[in-house]
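Here the structure is a predicted model, which means the values were calculated and not measured.
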Amino acid sequence: MRLLLLYLERRGWIIGMEVKYDAKMLAKLALIFFGLLFLVCVWLGRKTAVKEAPEGEQITAEDAVILLEALEGADIDLSFLREKAAEGAYLSYGQYMEIVSLVGTEEMGLPDYGDRYEADHPLLKEDWYTAYRLMLAYLDRESSIWETTVFLLRVDEKTGEAYTESGGGKAAYRYHSPAFAEHVLRQMNVYVKGSDLLTVTEVLPEDYELQNVWIMESTGGELACFYHQTEFTAMTDSPVERERVADLTFRDGSVVKAREKNEKVHGRLLRMTEDELEIEGCGVYGIAEGMEVYKLYGSLESKVRSDLRIGYADTDFVIEKGKVCAGLISEEEAADRIRVLLKNTANNSSYHDEVELEVDGEMIHVKAGEMEIGERRTYSCAALTDKIMLRMEGQTKGGGAYRGTIECYRTREGMAVINELPLEEYLYAVVPSEMPAGYPLEALKSQAVCARTYAYRYILHAGLPEMGAHLDDTTGYQVYHNVGENAASTTAVKETSGILLTHEGEPAQNYYYSTSCGVGTDTAIWHAGDTQELSYLQAVRLQWPEDEAPETPEALREEENFYRFITSTGEKDLEKEEPWYRWTYTVEELDAEAVLSRIQERYAVSPASVLTRTKGDYYVSQPVEKLGRIRELSIIKRGAGGVAQELLIEADSGTYKILAEYNIRYVLCDRETKTILQDGSTFASGSLLPSGFFVIETGKKEGNVVGYTLTGGGYGHGVGMSQNGARQLGEEGVSFDRILAVFFPGCELEKIGNGSDL
């Protein structure tokens with residue numbers, strides 16, 4: 001201490017004062033000195049201490065590589081990391097900073113984390129994913145990678161496939177991170193890209209319930225289950241009977257609770273809406289939110305509600321709390337009967353106020369006002385070959401004699417009238433209504449196969465399930481009973497009995513129309529340019545089979561090629577002698593306000609088909625309030641075969657596009673002008689131009705369109721079979737199967753019957 005005082009005095013810190021070295025003073029000075037020394041040591045110690053690694057779940061190097069490789073907007077050399085990933089190592093903070101140096105920018109603002117980690121510390125998952133989300137925001141411009149929540153049913157480690165409860169019958173995912181195999185039967189947050197499961201960001205701790213699972217087998221505490229097209233197994237302590245529907249609750253990969261549902265009803269499905277279904281002899285039931293449908297015969301499959309067949313009793317319905325929670329399609333019943341809604345032609349309605357029937361000589365009046373809501377009355381003749389005479393409001397049908405049964409069903413809106421009869425007998429009245437019975441037999445047989453296939457598809461998937469019908473009797477589906485039955489068309493039906501047009505084992509989506517202009521088109525006409533057409537519904541050049549077409553359907557997309565084609569006659573075209581092969585339509589005085597009204601009508605039905613040009617030459621869907629004078633009308637895009645696909649209208653108020661051939665035909669038809677056919681006859685076109693195969697020539701005054709002439713050809717949409725083309729082939733002795741091959745390339749003919757579906 002003396003030395004300390006001498007040192008202080010010599011340094012000038014104690015000057016001109018007498019120092020007395022008593023004990024108390026020395027103690028105080030010593031205390032101050034050693035306190036200061038302690039603080040300095042603590043400070044120096046903190047400066048040199050090693051950080052402890054943060055605690056928590058760590059991100060593997062493999063998961064980091066998976067996520068970085070999925071980033072299409074980043075060109076990163078990850079060779080420094082792949083070896084560590086293969087070893088199963090965790091991503092270190094130093095490796096993370098190297099990644100930051102490769103992909104990061106100042107604008108991206110990737111976090112540093114330097115105050116928490118040493119270079120060799122494993123990086124925590126939460127810190128990695130905070131940084132990765134920023135990378136996504138800047139590098140994944142197409143938003144191709146996203147986070148979602150899945151419940152994992154099973155994985156196949158051999159194929160690398162994973163199956164989730166939300167699969168809904170879709171193909172399996174391909175999984176990348178090994179973490180998926182470790183968390184089967186658990187709910188988790190994951191990163192997804194397309195059909196790839198990339199990584200698991202978090203395994204959720206909550207219990208998870210799957211509703212209405214089909215229990216295939218239950219042995220020794222193990223359940224063999226089926227759900228959303230996926231078979232999986234689960235361990236449980238809860239006893240469950242086999243071949244049951246049950247709700248399963250999962251915790252940590254096992255079933256902790258199983259609730260069986262044993263109440264069932266069986267009967268014909270008469271009607272189905274979004275909220276309820278009606279089962280013959282059982283009543284009306286609500287539909288549970290998580291309703292599942294299973295096909296139990298043959299190979300076990302998950303189905304959707306629309307697969308339940310109206311008018312058939314092939315399904316057991318599982319009931320819980322008064323609602324249908326599952327449908328079990330338990331047998332293969334022949335799809336040989338069809339239910340047709342007979343519309344009220346007086347007001348184009350689905351409902352009638354009253355009808356009159358004659359059944360076995362007895363006259364019956366059925367009035368909607370005398371029936372209770374939900375009441376059904378069914379009428380049939382004693383002899384199967386006898387017919388019911390039916391008279392309806394505003395009836396314009398060619399005959400009122402109906403085969404099968406007539407069912408009157410009272411709804412809140414009115415009375416629906418449904419004719420149920422065998423499919424083949426239904427065709428007796430469809431074929432002559434859709435094709436003149438005087439056409440060659442082989443053409444009629446082609447029509448019969450098309451009509452049968454069309455109807456069969458709707459038997460399998462009803463078009464009007466809420467009405468309890470597969471389809472109606474109008475052009476909205478197929479014309480039925482527009483004219484009476486005919487011996488020739490009935491022969492065509494019988495000689496093709498049970499034959500369907502199929503593609504890859506399924507009934508084809510076959511369409512037909514009246515007359516071609518020498519070429520057909522594809523289904524893109526109904527999707528405003530969607531290129532995902534059905535392969536067998538192609539644009540076909542319709543010339544005699546042995547001749548080569550000078551213009552291909554694809555070449556006719558070009559305006560110059562199509563103009564030359566449509567304003568001339570193809571000497572080898574099948575239908576060059578048909579009146580509808582070529583036609584003209586001349587509007588002498590253009591009414592811009594009427595055009596505006598028709599545009600607005602189409603916008604109300606299909607907003608995406610009416611576009612307005614905005615700044616930057618972009619087109620958006622928005623209401624068109626006014627046009628003013630029209631300066632230009634032109635077809636700026638054509639589909640396969642030259643069909644009009646985009647109409648451009650330049651007006652005082654702006655520039656507009658009308659998409660899809662139907663909308664274009666509607667907008668350009670003025671309801672007054674008559675179409676002049678190539679034989680000189682005229683036709684009142686109603687609200688629609690004859691076809692979308694035409695070119696426009698405008699008449700102008702002072703720069704404004706005052707009228708226009710359309711030079712076109714064909715009658716109908718142009719997809720599938722041309723009926724007059726089929727007639728021409730039939731007259732040359734071409735068989736119905738070869739006729740169908742011309743119009744539906746790639747399709748096959750298959751026969752159904754005796755209870756066997758395709």
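Taking CG of Leu198 as the reference point, atom NZ of Lys193 lies at 7.5 Å (rounded to 0.5 Å). Note that CD of Glu506 and CD of Gln509 are 11.0 Å apart. Values are rounded to the nearest 0.5 Å. Taking OG1 from Thr698 and CZ from Arg631, the interatomic distance works out to 13.5 Å, rounded to the nearest 0.5 Å. To the nearest 0.5 Å, atom CD1 of residue Ile658 and atom OG of residue Ser609 are 8.5 Å apart. Atom CD of Glu661 and atom CD1 of Ile664 lie 8.0 Å apart (nearest 0.5 Å). If you take OH on Tyr129 and CG on Asp63, they are separated by 5.0 Å, rounding to the nearest 0.5 Å.
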Criterion ring pair (Phe, Tyr, Trp, His ring centres under 6.0 Å) on Phe250 and Phe151, from CA distance to verdict:
CA-CA 10 Å; Phe250 294 84; Phe151 183 83; 5.1 Å; yes
Go through Ser302 and Phe226 one step at a time and tell me if the side-chain contact (heavy atoms from CB on, under 4.5 Å) criterion holds. CA-CA 8 Å; Ser302 291; Phe226 188 83; 3.4 Å; yes
Before you tell me yes or no, could you show the steps for Phe232 and Tyr227 under side-chain contact (heavy atoms from CB on, under 4.5 Å), namely the whole-Å CA-CA distance, both residues' side-chain angles and the distance that decides it to 0.1 Å? CA-CA 8 Å; Phe232 66 96; Tyr227 189 75; 3.9 Å; yes
> Between Val200 and Phe180, does a side-chain contact (heavy atoms from CB on, under 4.5 Å) hold up when you go through it step by step?
Replying inline: CA-CA 7 Å; Val200 178; Phe180 287 102; 3.6 Å; yes
* **Step-by-step side-chain contact (heavy atoms from CB on, under 4.5 Å) determination, Asp120 to Ser92** => CA-CA 5 Å; Asp120 60 345; Ser92 71; 5.6 Å; no
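Separation of the Tyr619 and Tyr656 ring centroids does not fall under the 6.0 Å cut-off. Between Tyr93 and His121, the ring center distance fails the sub-6.0 Å criterion.
Scanning for salt bridge (Lys or Arg N to Asp or Glu O under 4.0 Å) contacts around Asp207 gives Arg251, with sequence neighbours left out. Residues forming a salt bridge (Lys or Arg N to Asp or Glu O under 4.0 Å) with Lys125 (at least two apart in sequence, or on another chain): Glu57. For Glu202, the side chain to side chain contact (heavy atoms under 4.5 Å, CB included) partners two or more places apart in sequence, or in a different chain, are Asn189, Leu204. When the salt bridge (Lys or Arg N to Asp or Glu O under 4.0 Å) test is applied to Glu650, no partner is found at least two apart in sequence or on another chain. Listed by chain and number, the residues in a salt bridge (Lys or Arg N to Asp or Glu O under 4.0 Å) with Asp617 are Arg613 (sequence neighbours excluded). In this structure Tyr138 satisfies the side chain to side chain contact (heavy atoms under 4.5 Å, CB included) test together with Glu107, Met108, sequence neighbours excluded.
At a threshold of 4.5 Å between non-hydrogen side-chain atoms, the residues Lys303 and Glu301 count as touching. In this structure the side chain of Thr199 never reaches within 4.5 angstrom of the side chain of His176, judged on heavy atoms. Using a 4.5 Å heavy-atom cutoff, the side chains of His717 and Ile525 are in contact. Using a 4.5 Å cut-off on side-chain heavy atoms (C-beta onward), Tyr96 and Ser101 make no contact. The shortest side-chain heavy-atom distance between Pro111 and Leu134 falls under the 4.5 Å cut-off. Side chains of Thr149 and Val190 form no contact here, defined as non-hydrogen atoms less than 4.5 Å apart. Residues Leu627 and Val595 have side chains in contact (heavy-atom distance under 4.5 Å, counting atoms from C-beta outward). Contact annotation: the side chain of Met216 approaches that of Trp214 to within less than 4.5 Å [non-hydrogen atoms, C-beta and beyond].
By the neighbour-count criterion of 12 heavy atoms within 6.0 Å, atom NZ of Lys295 is densely surrounded, having more than that number from other residues, nucleotides or ligands. Annotation: Glu206, atom CD; neighbour count of heavy atoms from other residues, nucleotides and ligands within 6.0 Å is above 12. Counting non-hydrogen atoms of other residues, nucleotides and ligands closer than 6.0 Å to OH of Tyr90 gives a total of 12 or fewer. Applying the 6.0 Å contact sphere to CD of Glu87 captures more than 12 heavy atoms from other residues, nucleotides or ligands. Heavy atoms of other residues, nucleotides or ligands lying less than 6.0 angstrom from CD of Glu209 number more than 12.
Inspection of the Tyr163 and Glu161 side chains reveals an N or O donor paired with an N or O acceptor under 3.5 Å. Using a 3.5 Å distance cut-off with no hydrogens or angles, the side chains of Ser79 and Asp77 do pair a donor with an acceptor. Tyr208 and Gln187 are not linked by any side-chain donor-acceptor pair at a separation below 3.5 angstrom, with hydrogens and angles left out of the test.
Contact between Asp196 and Tyr173 at its shortest, heavy atoms only, is N-CD2, 4.1 Å. Of all heavy-atom pairs spanning Leu81 and Ala61, the tightest one is CD1-CB, 4.1 Å.
Asp140 contributes a side-chain N or O that, together with a main-chain N or O of Ser144, makes up a donor-acceptor pair within less than 3.5 Å. In terms of modelled atom types and a separation under 3.5 Å, the side chain of Thr273 and the main chain of Asp275 share a donor-acceptor contact. Under the 3.5 Å distance criterion, the side-chain polar atoms of Glu83 are left unmatched by any main-chain donor or acceptor of Phe80. In this structure a side-chain-to-backbone donor-acceptor pair under 3.5 Å is missing from Tyr662 to Gly692. In terms of modelled atom types and a separation under 3.5 Å, the side chain of Asp127 and the main chain of Leu123 share no donor-acceptor contact. With hydrogens and angles ignored, the 3.5 Å screen pairs a side-chain donor or acceptor of Arg186 with a backbone N or O of Asp252. A donor-acceptor distance shorter than 3.5 angstrom exists from the side chain of Gln600 to the backbone of Val624, with no hydrogens or angles considered. Lys84 contributes no side-chain N or O that, together with a main-chain N or O of Leu91, makes up a donor-acceptor pair within less than 3.5 Å. Listed for the Ser306 side chain is no donor-acceptor partner under 3.5 Å among the backbone atoms of Val304.
Aromatic ring pairs are classed by plane angle as parallel below 30°, tilted from 30° to 60° and perpendicular above 60°; the pair Trp128 and Tyr132 is parallel.
No salt bridge links Glu231 with Arg154; every basic N to acidic carboxylate O contact stays at or beyond 4.0 Å. The pair Glu559-Arg638 counts as a salt bridge, with a side-chain nitrogen and a carboxylate oxygen less than 4.0 angstrom apart. A salt bridge does not link Lys626 with Asp652: every distance from a Lys NZ or Arg NE/NH1/NH2 to an Asp or Glu carboxylate oxygen is 4.0 Å or more. A salt bridge links Glu554 with Arg557; the closest basic N to acidic carboxylate O contact falls under 4.0 Å. Remark: Glu69 engages Arg82 in a salt bridge, criterion side-chain N to carboxylate O under 4.0 Å.
Figure legend: Arg602 and Tyr666 shown as a cation-pi pair, the cationic atom lying under 6.0 angstrom from the six-membered ring centre and within 45 degrees of its axis.
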